[in-house]
2 protein chains.
Amino acid sequence: MNLDIPKLKSIGKRVSYPKNFQLVQKGERCQKCWIIEKGIARYMYLQEEQELTGWFDLEGDIVGSVYSLLGLGGAREKIQLVEDAELIEIQLVDIQKDDAYFQNFKMNVMSHYFIEMENRLKLFQSLDGKGRYLYLLENKPQLLQRVPLHMIASFLGLTPESLSRIRSAIS
Amino acid sequence: MNLDIPKLKSIGKRVSYPKNFQLVQKGERCQKCWIIEKGIARYMYLQEEQELTGWFDLEGDIVGSVYSLLGLGGAREKIQLVEDAELIEIQLVDIQKDDAYFQNFKMNVMSHYFIEMENRLKLFQSLDGKGRYLYLLENKPQLLQRVPLHMIASFLGLTPESLSRIRSAIS
DNA sequence: TGCTTCCCTTATCATTTGGTAAGAAGGCAC
DNA sequence: GTGCCTTCTTACCAAATGATAAGGGAAGCA
């Protein structure tokens, strides 16, 4: 049931992209996904005037628009690199050749994000800004060291000013 | 690609349960799911001391612990009926007989909740309590008429008092 | 070097929200 | 009926957050 990552990597090819490079465009029907060898990817939603940070992927994660990969439609978000990155780029068509593996791939990718989002939603429902920040500090401390704070603030549903206040109140 | 609902219904059997009946217990490995003919189901997370309303299902929706149905483990939530309900009860084992249909079933159920939760998360990240309430009023007005407001408050990530204040400020 | 741009912080004030307490209205059991 | 329980509202105060403005520092570029 688990995803065969080595197989997935063998299907793809190694690529390097610079900071701020855009992997996925909003509305795009994605034919690719990536595995992060080094770097951070950021999922961004364009919400009336403001840019919302929906998620970050780190080393070892699979990057791609889930909505689009599943064949549900065009990507709802754009995905950009926060740092210079080294990735394994995988053409979807190469996974689709093996249908059983492709089904397994889709189930794995979606269930992974399903679990992450379920947790994330509970955090928003039950914790205030300080609580959400502390949770991030506890569970993904690398993000706080490698990602600009205004992106973290958006990810936490806060203004940069509020996040700054929360951080200064703690330390 | 879409789920064959008539087929699903033909597999199950009609049942009636009273208000407050518990369909799924936390930790349970579910062998059933349901289609709602009449009534409302409520998904509840037990979060340190407090009870969190994660979701509501209405007429036409498929009810069940997605996490458990996908074989990922025991249910993370309990599911109870908000009203007396009429349901089509479906034994999982009966769907699993047809593997292609079962794969399709799982993909459909999960992608449905994936999309719902993605939207819901964006609401929490970008809107305050009033905004989230107005969104609900616009998009699921039936819930406000049929579900006790303290459950709605929890669903919106608010205290009952805050929701009450928001409602009185609007009307 | 000097300049701009980006990133972050701090301060102030208005608004929103939570916590606590209290009370009203309705349903239900006895 | 009486009494209990649930649900909902209102009021008050403290805390959290947003909006706006301002400033400093670091990085990048001509």
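Chain naming here is simple, since letters A, B, ... match the order of the sequence lines and numbering starts at 1 in each.
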Could you tell me how far apart [X] ([atom1]) and [N] ([atom2]) are, to the nearest whole angstrom?
| X | N | atom1 | atom2 | result |
| --- | --- | --- | --- | --- |
| Arg167(A) | dA16(D) | CZ | C1' | 18 Å |
| Lys19(B) | dC5(D) | NZ | C1' | 12 Å |
| Leu144(A) | dC7(C) | CG | C1' | 15 Å |
| Asp128(A) | dG19(C) | CG | C1' | 13 Å |
| Ile170(A) | dA16(D) | CD1 | C1' | 13 Å |
| Leu163(B) | dT10(D) | CG | P | 12 Å |
| Arg132(A) | dT17(D) | CZ | C1' | 10 Å |
| Asp84(A) | dG28(D) | CG | P | 11 Å |

Please list, in numerical order, the residues of residues 145-161 of chain A that have a heavy atom closer than 4.0 Å to any atom of DNA chain C. Pro148(A), Leu149(A), His150(A), Glu161(A)
Within less than 4.0 Å of OP1 or OP2 of dT17(C), is there a side-chain N or O belonging to Ser162(B)? no
Flag this pair as yes if the NZ/CZ of Arg42(A) is under 6.0 angstrom from the six-membered ring centre of Phe155(A) and inside a 45 degree cone about the axis; otherwise no. no
Is there a path of hydrophobic side-chain contacts, each under 4.5 Å between heavy atoms, that joins Leu127(B) and Leu134(B)? no
Would you kindly confirm whether Met151(A) and Leu121(B) end up in one hydrophobic cluster when ILVMFWY residues are joined by side chain heavy atoms under 4.5 Å apart? yes
Passes side chain to side chain donor-acceptor pair (under 3.5 Å), Ser164(A) versus Arg167(A)? Steps please. CA-CA 5 Å; Ser164(A) 188; Arg167(A) 284 164 53 86; over 6 Å; no
Looking for any heavy atom pair under 4.0 Å, which part of the strands does Arg165(B) touch: base, sugar-phosphate only, or nothing? base
Test side-chain contact (heavy atoms from CB on, under 4.5 Å) on Leu8(A) and Ile62(A); report intermediate values, then the result. CA-CA 10 Å; Leu8(A) 202 55; Ile62(A) 296 177; 3.9 Å; yes
For Gln47(A), the option from Met44(A), Glu51(A), Gln50(A) that meets side-chain contact (heavy atoms from CB on, under 4.5 Å): Gln50(A)
